[in-house]
Structure formats: C-alpha cells, structure tokens
Amino acid sequence: MALRRVDLGHGIGLRTAHFGRFLAERPPVAWVEGISENFMAAGGRPLAVLEKVRRDVPVALHGVSLGVGSVEPIPERYLDDLERLVRRIEPALVTDHLCWGRHRGRYLHDLLPLPCTEEALAHVAARVRQVQDRLGRQILLENPSTYVAYREADMPEWEFLAEVARRADCGILLDVNNVHVSAHNLGFDPLDYLDGIPAARVGQLHLAGHADRGRYLLDTHDAPVAGAVWALYGEALRRLGRVPTLVEWDDRIPPLEVVVAESRKAAAIEEELLRPAAVAPAAGPREAVAP
Amino acid sequence: MTLAESQALLHALLEGGPAADPERLEACFAGTPELPAAERVGIYAGMFLSRQVDALRASFPRLAALLGEERFEALCGDYLAAHPSEHHDIGRLGRRLPAFLRLHPDPGRPELPDLAELERARDEVFFEAEAAPAPREALAALPPEAFAAARLRMVPALRLLALAHDAAAAWRGPEGDGSPPARAGPVALAVWRTGFEVVHGPLDADEGAALASALAGEPLAAVCAAFEGRDDPGGAAASALASWLAEGWIAAVEPPPGAGA
C-alpha cells in the first residue's frame, strides 16, 4: 500500500502560549500540529481549543510518548487515549518518533535511541503495525536527533527507518533539523540520509532550531532554523518534491508572528526551488490522496 | 546485547549517570576521541533530568523562583526519585509535589506546600474544561419556593483551596531566600479562569465555607447558611452569589425536581 500523502502546505506547531491568538486572529498558516499527549484528556481547555482550530485548518497529531521501540507493551491506556483523540479530531496526519521511552511502567519523557539491528527492526515494525491496526490508519515515524551510536548496529539509521516503513507500511516524517544534528554528532553525511530515505514514504517534513554546544549540537526547538538546516531543507525538497512542512518551536517560544515568519520562509524556499521550471523531484511520481 | 538489555542499561545510565556502569556503557555504545561514549550518554542523562525539571518549573514557576535554581533542582531530583512519571503527559508530573512537600517540610519555609498547592490549582484550572457560565439573572429566575432546595453547578475551572499559610502573598512576593516567610493562619483562596488568564483571590471564611458547600453540591439553603454569623446573613449571601455569577463560577442553577423554573 502506498503512503496516503496529504497536500497540506506549510504549518506551525499549536502551542499553549499561542492559544489565545490562534482563536482570536486565525493566523495565516495552512495547518497546525498539536502534541498528541497535550490533548488526550477527555475534556479540558486544550482539547476545546484544538477543536476550534480544527474547524479552520487541518490538524496533525504529533506524539512524543508512544515510545514505539520500547520493549514493554504499549500501555492500553495510551492507545485508548490516542484512539479517542484521533477519532474526535480526524487529523490529517498522525505521527510519532522512531525511539523508545518507557521502562518498568514509567515514562522517561525522552526520545531515546534504538540500536539499528535486525531485532529492533522486527520489533518496531510489529509495534507500528499494532498502532496502525488500532487506529485504522497509517502513522508517520520521525527520525530523532541522536547523540550516541550503538556498537552493534547492523545498518545506518536511514536504512533502518526505510525498512521499518516498508515492513510496517507506514510513512516517514523526515525532520531535517534532526538529520543535521545527528549527522554532526555521529559523523555521517546528511545527504546520505536524504538519499537513503524512500521519497514515496515521506509524508511530512519538520524544521526546528538547535543549539551548538561546542562538541555537539543539541536539538532544542528554542531558536530560529539554522542556515545549514535551511540549506538541507532545500536538498530535501529537491529529492522529495513538495511535502507538507511544519516549523516546530517548543521552548523560549517567541511571538506567534516569529514562528509564522519561519513557516513563510520555508514556503518561499519551496516556491523558489519547486517552480515548474525548477528541478524535478529525483523520485518517481507520488500518490496524492486526500485523507 | 538484546534490545531489552540495552534499554535496561540505558535506563540505568539515565538514572545513575554514565558512572553507574562504565564497562557495559563502553561495550554497548560507541564514541569518538572528541566526544567519548560516556559523555554522549551523559547528554541523555542530563536531558532526562532537565526535561522533567523544566516541566515542573513550568507548573510551579513561583515555587522555583522562590527556591532559586539550585534548591529547586535538588527538590525536583528528590521528588522524581520518589515519584517517577507514570503518565504519558509530562505536564502531570507535578501532581504529587504539594503532598511531597508536606511530607518533607522545610522548617524555614513552612508555606512551600501551600504555595505548591496554589500553583498546582492554577495549572489545573488553566487546563480544565470550558463551560458556559450561567446568566446573571439565573438566580432571580428561580421560583422563590424552589430557592432553598436548588443546587448550583459550578464551572470545572474553579478550585477552592483551604491553606495554612498565605500562599497568595508567597506567590506574588519577592524571589529568593531573602523574602520573609508567608503569614501563617487559615486562608481560603479561590482559583478560576477568565478567558486564558488564571486568577486567584482570597475569600472570607464564611464565603469559603459557602463555596465549599456549593462545590459539594449541597442545596442553596446550606450554601447560604454559611453566612448566618453575619449581621445581614441574607444580604451577605445574596452579595456572594451575585459575585459568583459575575465571575462566571456558576455554570447552572438547578432547581429541585418538580420545581417550575
């Protein structure tokens, strides 16, 4: 089955700090992404805000606590809450991360790295299928920022992610900033990552800021998108074609117009690179299916 | 090393730091001369704590400011060791912090549990469900014979706190150790939401008791009985109820079954 590609355009994260302005002003963004766990309570102010925004623009739900690679079972409560939220919001996309994050019944609230081994591959693919079966729809998995490598890795992360997507028949949320951060930290060529990702599986791109901590880069989401990441975004667009792109900003959140301006910058880059006379996508034709 | 073993190891290293098991760390993870494996794992260990401390600081900003960075982080470390996260929403991490502070009091700062209670209530109220407030004439529309047995349904975004210290003063007071401890003595505080802004304010003891009755779903007769000690009990009750309606605390006035309202 092909990826159910949705043509969303350019969006930004819906964060609590901007709730009021989002409702009052209807900012000029084509879609928004909410952190799934922030809206899972059955009632509550955040869910009411999300439903109101949803009436105006498409919404993607982006999870941070699924921990799909954790060896312990995915809690039924989590799946129940996610399923209820998805049915209620009918999001354009449902996404989470290629990581693990639970141990002994506790949530570690981090996107912890997985060893790129055959054992992990089979485990993650099975878990993704479990989630998709539960939700009755495809999800997209995002590459995390990584700071350490496992010695016993059988393959690079891009091959691992591509194979998970193939086996589980899921999509890929390609975080361009994370590719840049991981490439810097682990010493690989970010273009190898882009070249290794099957274009037809990519349903969304992420952009965000990071911090230079001297000997490594830290994925902080607290700053404008770095120049090198904008350049890599261009390279991604040349390979993937037009893909829904979202700017994340989660810490030291600036006024809404600053985040919107970053999104507009992404749109301008896409427009410049993908004009009809510009470079055609390297990959073959892509299926475009409405949700 | 199996996937389960590698996750157990990394979890142990997150909680204990890279020094918790240096031999297995080196066997499992690869580093570079510029950034050895132990330091790389240390990045995760640092983020593991800092992300949770940041979440607690977001829920308890005044407590964090009053304690200062070092003491607040130490408190968070102790609290998280006792109450690791069991919920997928990191925003709920601090639900037990007020109780933890009561069990582990700071003799020089006895108001800390109450300040944490106030901040937890403010956090909860911000995220509470929306509910349309009852119109200001809702009580006046009640048939006189139905008044005593009618009940108030309060909006979800409302909390009544019965505290042992003036946490509101601690909340607005100067930061750091130099600020004087908050005044002791029973204090009733209401916490509610206006639009996207959470506000709180003190209540007289009798209005606090009346609000407690209303929140418990008791009939209006019991709510108004809280003002019996006043010179003009009826006037005081009417004034309080009018202010509750004006503040949007009342979602509905529910007449007793069979009443004609």
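Each chain gets a letter, A, B and so on, in the order the sequences are listed, and its residues count up from 1. For clarity, every value in this text was computed on a predicted model and none was experimentally measured.
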message = Under 4.5 Å from any heavy atom of chain A, what part of B:I43 do you find: side chain, backbone, both or neither?
response = side chain
key: A:L114, part contacting chain B, at a heavy-atom distance under 4.5 Å   = side chain
inquiry  = Using a strict threshold of under 4.0 Å (side-chain N to carboxylate O), is an ion pair present between B:E130 and A:R45?
reply    = yes
ask   = Highest number of heavy-atom pairs under 4.5 Å with chain B: which of A:E37, A:H109, A:H123?
value = A:H109
ask   = Is a side-chain donor or acceptor of B:Q7 paired with a backbone partner of A:V71 at a separation under 3.5 angstrom?
value = yes
query = Are any of the side-chain heavy atoms of A:D110 and B:R51 separated by less than 4.5 Å?
reply = yes
query = For B:E34, does its backbone N or O pair with a side-chain atom of A:R215 as donor and acceptor, under 3.5 Å?
reply = yes
note = One option among A:D251, A:L108, A:L66 has the most heavy-atom pairs under 4.5 Å with chain B, and it is A:L108
message = Classify the ring geometry of B:Y44 against A:Y147: parallel below 30°, tilted from 30° to 60°, perpendicular beyond 60°.
response = perpendicular
ask   = What pair of heavy atoms forms the shortest contact from B:M1 to A:E152, and how long is it?
value = O-OE2, 2.7 Å
query = Taking C-beta and beyond as the side chain, do A:W100 and B:L10 meet within less than 4.5 Å on heavy atoms?
reply = yes
key: Max heavy-atom pair count under 4.5 Å with chain B, selected residue of A:S70, A:G187, A:P75   = A:S70
query = Do you know which of A:L47, A:D81, A:V49, A:T117 has the most heavy-atom pairs with chain B at a distance under 4.5 angstrom?
reply = A:D81
note = Separation between CZ (A:R102) and NE2 (B:H11), nearest 0.5 Å, reads 12.5 Å
inquiry  = If we count only N and O atoms by modelled type, under 3.5 Å, do the side chains of A:R77 and B:H87 hold a donor and an acceptor together?
reply    = yes
task = Please name the pair of heavy atoms, one in A:L218 and one in B:M47, separated by the smallest distance, quoted to 0.1 Å.
result = CD1-SD, 3.5 Å
task = Mark yes when over 12 heavy atoms from residues, nucleotides or ligands other than B:R96 sit less than 6.0 Å from its CZ; otherwise mark no.
result = no
task = Check whether any side-chain heavy atom of A:L82 sits under 4.5 Å from a side-chain heavy atom of B:H88, and report yes or no.
result = no
message = How about CZ on A:R151, more than 12 heavy atoms from neighbouring residues, nucleotides or ligands closer than 6.0 Å, or not?
response = yes
For B:W192, ring pair (Phe, Tyr, Trp, His ring centres under 6.0 Å) partners two or more places apart = B:W249
Chain A interface, residue from B:E15, B:E86, B:Q52 that has the most non-hydrogen pairs under 4.5 Å = B:E86
Under 3.5 Å, side-chain donor or acceptor atoms of residues 20-29 of chain B against the rest of the protein: list the pairs with distances, not counting sequence neighbours.
from	atom 1	to	atom 2	distance (Å)
B:D21	OD1	B:R24	N	3.4

remark   = Note: vs chain A, highest number of non-hydrogen pairs under 4.5 angstrom among B:G195, B:G31, B:A37 is B:G195
ask   = Taking all atoms of both residues into account, what is the closest heavy-atom pair of B:F127 and A:P46, and its distance?
value = CD2-CG, 3.1 Å
ask   = Roughly how far, to the nearest 0.5 Å, is CD of A:E119 from OG1 of B:T2?
value = 5.5 Å
request  = Keeping the roles fixed (side chain from B:R40, backbone from A:N185), state whether a donor-acceptor pair exists under 3.5 Å.
outcome  = yes
query = B:F126 and A:T16: side-chain contact (heavy atoms from CB on, under 4.5 Å), yes or no, with the steps?
reply = CA-CA 10 Å; B:F126 180 81; A:T16 307; 3.2 Å; yes
query = Rounded to the nearest 0.5 Å, how far apart are CG of A:L23 and CZ of B:F196?
reply = 4.5 Å
ask   = Donor-acceptor pair, A:Y150 side chain versus B:S6 backbone, under 3.5 Å?
value = no
ask   = Are side-chain heavy atoms of B:D89 and A:N38 found at a separation under 4.5 Å?
value = yes
Selection from A:G63, A:P113, A:S36 maximising heavy-atom pairs under 4.5 Å formed with chain B = A:P113
key: Segment of B:T32 engaging chain A (4.5 angstrom heavy-atom cut-off)   = neither
remark   = Honestly, the part of A:T220 sitting under 4.5 Å from a heavy atom of chain B is neither
Nearest-0.5 Å distance, CG of residue B:L80 to CZ of residue A:R106 = 11.0 Å
